[in-house]
Engineer: 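Can you keep this structure in mind? I'll have questions shortly.
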Amino acid sequence: MLDFLGDWKRSDHCGSLRAADLERLVTVMGWVQSKRDHGGVIFIDLRDREGIVQIVLNPEHEKAAWEIAEQIKDEWVIAVKGKVRNRPEETLNPNIDTGEIEVFADEVRVLNTSKVLPFLIENEINVDELLRLKYRFLDLRRPVMKENLLLRHGVVTAARSFLNTEGFIEIETPFLTKSTPEGARDFLVPSRLSPGAFYALPQSPQLLKQTLMISGFDRYYQIAKCFRDEDLRADRQPEFTQIDFEMSFVSEDDVIETVEGMLSTIFKKARGLDIPVPFPRMSYEEAMLRYGTDSPDTRFGLELEDISEAFMKSEFKVFSGAIKRGGIIKALNAKGKAPELSRKEIDDLTEYAQSLGAKGLAWIRVQGAEWQSPITKFLSESETKSMKATLNMEDGDIVFFAADEPAVVNSVLSSIRLRLGKRFGMIDTGGFEFLWVVDFPLLEFDSTEHRYTSIHHPFTSPKEEHIDLLETEPLKVLSRAYDVIINGVEIGGGSIRIHRSDIQQKMFKALGLDEEEVTEKFGFLLTALDYGAPPHGGIALGLDRLVTLLAGSPSIRDVIAFPKTQKGSCPYTEAPSAVELSQLLELSIKVDKKEEKKESA
RNA sequence: GGGGCCGUAGUUCAGACCGGUUAGAACGCUGGCCUGUCAAGCCAGAGGUCGCGGGUUCAAUUCCCGUCGGCCCCGCCA
């Protein structure tokens, strides 16, 4: 049944044949997308990476080829020799690129068969993702998945070409590297040659790219795999890819302009889009005030308003109490949307707010002169008046309130804002809005660890004029960090780094890191900083997220060839898995895991 | 660590709230017919560990508990 390829050479891709190829004798190879057997004439849609072409077999033409074709099933791999000819006028297919022509088969070779498929090789399938991942090799045959990976290739190609042109040098850094405190949980790799010691997979090439600047490479880049052992999300994988670069003798604007140039190139080459540069910039403070998040989706309004001032002394204890405890009150007014929201939906929103950590979600619905709300009875006339003015409350509006500590209010209302934006179709899903968020605080106070931690990372430079504040008012220190946001998604973040060891030491001190530990964990960088480190800075862009956005895909998994599930497993390879005891012995590793209770028969 | 949703032919779902004869449908698959289809069409047929374990019950796909797996979210992700 099966034929060898023999001396057949592919002459063309299925998907690249056109009317210009008429009368040519061609040899095409690919997968059987579908077969339509009319008893006499047989049609086969043959698919390869470039597309689909129709093969026609007629028993009155070459009986042998036709007889083979009769046996063929979906997703078999076949090779066909035949002549490209016009389709009859009434059977042109405008839905495929090759729809003007067909290949009239003289000879067919069956190169491989296929089992019956677990799902159809089509774009619009409704299948459990687990099954798609288990049969990822089939899932990736679907045009939409193929397009995603081609898009990804296009993005990487464009990034490389841009960076090469700008004088960046691609340098690899090791996967087997050193575990460092701060940041995410490390993936560890045991060392056989140093029993009991471990490498860590890099969370990013951060320290080594800084080292390359100290070495004088001036401009470095890398399409870098990074590893973080944290819980997964729709936009987070334990291993992911960054477009990572670093530049010497620069300040913020140099890096920002380079990113704008690179993203312009990527959007142009990968999607044919012209994007406006420079991108607008917004301070962290303003982003938190207006949107409640440091990665605001600026495709729509529906901004938050801080109304704390008017309720400091309110009789309404939910509001005034929150302020007394150091909290704030913020509101967002969904203008004119009250009639569109059912009571059930409002209740669902309240439940959603609670799942995000809010104690509740107050709301006021404006209907004519009347305010329908569970809270109006607690509000004084002056409070009502002030609220009406501040929030511009008019007939048909519905306003939501959160009162709590600032972090809770902001995170809850920013999530509510996004949900309402989607619910009311306020978001232009076809477009892209770019934004730089700048002027981040350098530090935040971690109340569980009772110390300051970096908002960006410990190598981020404070603003030069704020260095002295490190010792006196650490929370007032602003950093030289910048995040690039597209459609509310954090696509990348970077900073001008600390290039002097005296300032780096001050930073570690502000973080409350033990000097001995610092030397042990970061000593290599401190040493390097002592040997003529130039001022430098850079950024890393999340390739997976960028491609997800460009592809308009709901999940990062759709732009990664072999992604992990939420539990970090790969259903295709079945990693992670147990290993041989002998392997563990070589590594001096003993597994301390509770044995599963064996059922006795 | 926590919250929510889900798991029934190869696939997507219905059946479950209200436990009861043979667990249905569509697509896919198999066989037959069919010479211009392109999601071909028409006819016939096969196909089930109702995720797994336990409990309640005369009786469990259905109710309860646990567990495994998948998805979304909080925490976490410098």
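Sequence lines set the chain letters: A, B, ... in the order given, protein chains first and strands last, and positions in each chain run from 1.
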Engineer: Which residues in residues 122-130 of chain A have at least one heavy atom lying under 4.0 Å from any atom of RNA chain B?
Structural biologist: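 Result for residues 122-130 of chain A: A/Asn126, A/Val127, A/Asp128, A/Glu129, A/Leu130, sorted by number.
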
Engineer: Between B/G53 and B/G31, how far apart are the two C1' atoms, rounded to whole Å?
Structural biologist: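 B/G53 and B/G31 have their C1' atoms separated by 41 Å.
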
Engineer: Roughly how far apart, to the nearest Å, are B/U56 and B/U61 at atom P?
Structural biologist: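 About 16 Å, rounded to a whole number of Å.
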
Engineer: Base of B/C38, side chain of A/Arg87 - is there a donor-acceptor contact under 3.5 Å?
Structural biologist: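 For A/Arg87, whose side chain was compared with the base of B/C38, there is a donor-acceptor pair (under 3.5 Å).
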
Engineer: Ignoring backbone atoms, establish whether A/Arg36 has a side-chain N or O less than 4.0 Å from OP1 or OP2 of B/U37.
Structural biologist: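 Negative; the distance criterion is not met.
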
Engineer: Have A/Tyr220 and A/Asp244 got a donor and an acceptor in their side chains that come within less than 3.5 Å?
Structural biologist: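 Checked: A/Tyr220/A/Asp244 side chains pair up, N/O donor to acceptor below 3.5 Å.
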
Engineer: From B/G70, B/U11, B/C34, pick the nucleotide closest to the side chain of A/Leu131?
Structural biologist: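 Closest nucleotide among those given: B/U11.
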
Engineer: For B/A25, give the paired nucleotide (Watson-Crick: N1-N3 plus N6-O4 or O6-N4; G-U: N1-O2 and O6-N3; both under 3.5 Å), or none.
Structural biologist: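 Base partner found: B/U12.
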
Engineer: Name the pairing partner of B/G36, where a pair is Watson-Crick or G-U wobble with both distances under 3.5 Å, or state none.
Structural biologist: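 Pairing partner, where one exists within any strand: none, as none qualifies.
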
Engineer: Are there more than 12 heavy atoms of other residues, nucleotides or ligands under 6.0 Å from atom NZ of A/Lys564?
Structural biologist: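 Yes - once you tally the heavy atoms of other residues, nucleotides and ligands closer than 6.0 Å, there are more than 12.
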
Engineer: Is any N or O donor-acceptor pair between the side chain of A/Arg85 and the base of B/G36 shorter than 3.5 Å?
Structural biologist: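 Indeed, a donor on one side and an acceptor on the other fall under 3.5 Å apart.
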
Engineer: Is A/Arg49 atom CZ crowded by more than 12 heavy atoms from other residues, nucleotides or ligands, each under 6.0 Å away?
Structural biologist: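 Counting other residues, nucleotides and ligands, CZ of A/Arg49 stays at 12 neighbours or fewer.
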
Engineer: When you check the gap from the basic side-chain N to the acidic O, do A/Glu102 and A/Arg85 get nearer than 4.0 Å?
Structural biologist: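 Yes, this pair counts.
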
Engineer: Applying the 5.5 Å / 30° rule, does A/His38 stack onto the base of B/G36?
Structural biologist: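 A/His38 ring does not meet the centre or angle cut-off for B/G36; no stack.
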
Engineer: Identify whether the distance between the nearest side-chain nitrogen and carboxylate oxygen of A/Arg136 and A/Asp139 falls below 4.0 Å.
Structural biologist: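 The answer is yes: the pair qualifies as a salt bridge.
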
Engineer: CG of A/Asn86 versus C1' of B/G36: gap in Å, rounded?
Structural biologist: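 Atom CG in A/Asn86 sits about 14 Å away from atom C1' in B/G36.
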
Engineer: Not counting sequence neighbours, list each pair that qualifies as a ring-ring contact (aromatic ring centres under 6.0 Å, His included) and has a residue in residues 41-64 of chain A.
Structural biologist: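 Every pair satisfying ring-ring contact (aromatic ring centres under 6.0 Å, His included) with a residue in residues 41-64 of chain A: A/His38-A/Phe43, A/His61-A/Phe104.
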
Engineer: Tell me whether the OP1 or OP2 atom of B/A40 has a side-chain N or O from A/Ser34 closer than 4.0 Å.
Structural biologist: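 Yes, A/Ser34 has a side-chain N/O under 4.0 Å of OP1/OP2 on B/A40.
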
Engineer: Taking for each residue the nucleotide of RNA chain B with the nearest heavy atom, is it A/Pro571 or A/Ser454 whose nucleotide lies nearer the 5' end?
Structural biologist: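 Between the two, 5'-proximity favours A/Pro571.
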
Engineer: Classify the side-chain pair A/Ser495/A/Arg497 by whether it contains a donor and acceptor separated by less than 3.5 Å.
Structural biologist: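 Present: a donor and an acceptor within the cut-off.
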
Engineer: Considering only heavy atoms and no angle criterion, is a donor-acceptor pair shorter than 3.5 Å present between the side chain of A/Asn93 and the base of B/C38?
Structural biologist: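 Check passes, donor-acceptor contact within cut-off.
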
Engineer: Hey, what's the ring geometry for A/Phe508 with A/Phe522, parallel, tilted or perpendicular (30° and 60° as the breaks)?
Structural biologist: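 Because their plane-to-plane angle is under 30°, the rings of A/Phe508 and A/Phe522 count as parallel.
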
Engineer: Whether the side chain of A/Gln566 and the base of B/G69 hold a donor-acceptor pair under 3.5 Å is what I'd like checked.
Structural biologist: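 Result: no qualifying N/O pair found.
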
Engineer: Nearest to the side chain of A/Pro118, heavy atoms from C-beta on, is which of B/C38, B/C72, B/G10?
Structural biologist: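 Among B/C38, B/C72, B/G10, the one nearest the side chain of A/Pro118 is B/G10.
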
Engineer: Any chance CZ of A/Phe187 has more than 12 other-residue heavy atoms, nucleotides or ligands included, within less than 6.0 Å?
Structural biologist: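 For A/Phe187, atom CZ is crowded (more than 12 foreign heavy atoms under 6.0 Å).
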
Engineer: If we take the C1' atom in both B/U49 and B/G3, what is their distance in whole Å?
Structural biologist: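 One C1' to the other, the span is 32 Å.
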
Engineer: Using 4.0 Å as the upper bound for N to carboxylate O, is an ion pair formed by A/Arg228 and A/Glu230?
Structural biologist: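 Salt bridge absent between A/Glu230 and A/Arg228.
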
Engineer: Is a salt bridge present between A/Arg132 and A/Asp558, judged by a nitrogen-to-oxygen distance below 4.0 Å?
Structural biologist: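 Salt bridge present between A/Arg132 and A/Asp558.
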
Engineer: Could you go through residues 63-70 of chain A and list every donor-acceptor pair under 3.5 Å that involves a side-chain atom there, pairing it with any protein atom two or more places apart or in another chain?
Structural biologist:
residue: A/Trp66; atom: NE1; partner: A/Gly40; partner atom: O; Å: 2.5

Engineer: Using the P atom in both, what is the distance from B/C17 to B/U62, to the nearest Å?
Structural biologist: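 Their P atoms lie roughly 10 Å apart.
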
Engineer: For a quick test of reading the model: is some side-chain N or O of A/Ser355 closer than 4.0 Å to OP1 or OP2 of B/C72?
Structural biologist: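 Checking B/C72 against A/Ser355, no side-chain N or O comes under 4.0 Å of OP1 or OP2.
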
Engineer: Has A/Glu89 got more than 12 heavy atoms of other residues, nucleotides or ligands less than 6.0 Å from its CD?
Structural biologist: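 Counting other residues, nucleotides and ligands, CD of A/Glu89 stays at 12 neighbours or fewer.
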
Engineer: Reckon A/Ser555 touches a base, only the sugar-phosphate, or nothing at all at heavy-atom distances under 4.0 Å?
Structural biologist: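 It contacts nothing in the nucleic acid.
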
Engineer: Just by distance, no angles: are the side chains of A/Ser179 and A/Asp186 close enough, under 3.5 Å, to form a donor-acceptor pair?
Structural biologist: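 A pair is found: one side chain offers a donor N or O, the other an acceptor, under 3.5 Å apart.
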
Engineer: Please give the distance between the C1' atoms of B/G47 and B/U8 as a whole number of Å.
Structural biologist: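 One C1' to the other, the span is 14 Å.
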
Engineer: What is the distance, rounded to the nearest whole Å, between atom CD1 of A/Ile101 and atom C1' of B/G36?
Structural biologist: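 Going from A/Ile101 (CD1) to B/G36 (C1'), I get 15 Å.
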
Engineer: Take the protein atom CG of A/Asp37 and the nucleotide atom C1' of B/A39, then report the distance between them rounded to whole Å.
Structural biologist: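 That distance rounds to 16 Å.
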
Engineer: Classify the nucleic acid contact of A/Arg557 as base, sugar-phosphate or nothing, counting any heavy atom under 4.0 Å across all strands shown.
Structural biologist: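 Result for A/Arg557 = sugar-phosphate.
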
Engineer: Heavy-atom contacts under 4.0 Å between residues 473-489 of chain A and RNA chain B, which residues?
Structural biologist: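 Hits under 4.0 Å, by residue number: none.
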
Engineer: Encode nucleotides 26-31 of chain B as B, S and - characters from 5' to 3', where the letter depends on protein heavy atoms closer than 4.0 Å: B to the base, S only to sugar-phosphate, - to neither.
Structural biologist: ---SSS

Engineer: Using a strict threshold of under 4.0 Å (side-chain N to carboxylate O), is an ion pair present between A/Glu75 and A/Arg47?
Structural biologist: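 Salt bridge: yes.
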
Engineer: C1' atom, B/G7 versus B/G20: distance in rounded Å?
Structural biologist: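 25 Å, rounded to whole Å.
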
Engineer: Remember a base hit wins even if backbone is also touched, and classify A/Thr91 as base, sugar-phosphate or nothing at under 4.0 Å, heavy atoms.
Structural biologist: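 Base, at least one base atom sits under 4.0 Å.
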
Engineer: With no hydrogens and no angle check, do the side chains of A/Ser204 and A/Gln242 hold a donor and an acceptor under 3.5 Å apart?
Structural biologist: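 Side chains of A/Ser204 and A/Gln242: no pair found under 3.5 Å.
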
Engineer: Within the structure shown, what part of the strands sits under 4.0 Å from A/Ile42 by heavy-atom distance: base, sugar-phosphate, or nothing?
Structural biologist: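 No contact at all - A/Ile42 keeps every heavy atom at 4.0 Å or more from the nucleic acid.
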
Engineer: Between B/C52 and B/A60, how far is it from one C1' atom to the other, in whole Å?
Structural biologist: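 So the two C1' atoms sit 15 Å from each other.
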
Engineer: Can you check the distance between B/C63 and B/C18, where both ends of the measurement are the P atom (answer in whole Å)?
Structural biologist: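 These two P atoms come out 9 Å apart once rounded.
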
Engineer: Near RNA chain B, under 4.0 Å by heavy atom, which residues of residues 227-239 of chain A?
Structural biologist: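 Correct list: A/Arg228, A/Glu230, A/Asp231, A/Arg233, A/Ala234, A/Arg236.
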
Engineer: Is B/G69 paired to anything, Watson-Crick or G-U wobble with both distances less than 3.5 Å, and if yes, which nucleotide?
Structural biologist: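 B/C6 - that is the nucleotide pairing with B/G69, both distances being under 3.5 Å.
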
Engineer: Counting Watson-Crick and G-U wobble pairs only, both distances under 3.5 Å, name the nucleotide matched with B/U62, or none.
Structural biologist: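 Because no pair has both required distances under 3.5 Å, B/U62 counts as unpaired.
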
Engineer: Before accepting this row, confirm whether a basic side-chain N of the pair A/Asp439/A/Lys463 lies closer than 4.0 Å to the acidic partner's carboxylate O.
Structural biologist: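 Salt bridge flag = yes for A/Lys463 with A/Asp439.
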
Engineer: Rounded to the nearest Å, what distance is computed from the NZ atom of residue A/Lys35 to the P atom of nucleotide B/U37?
Structural biologist: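 The distance from NZ of A/Lys35 to P of B/U37 comes to 18 Å, rounded to the nearest Å.
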
Engineer: Considering every strand and a 4.0 Å limit on heavy-atom distances, what is the contact class for A/Asn95: base, sugar-phosphate, or nothing?
Structural biologist: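 Contact class for A/Asn95: none.
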
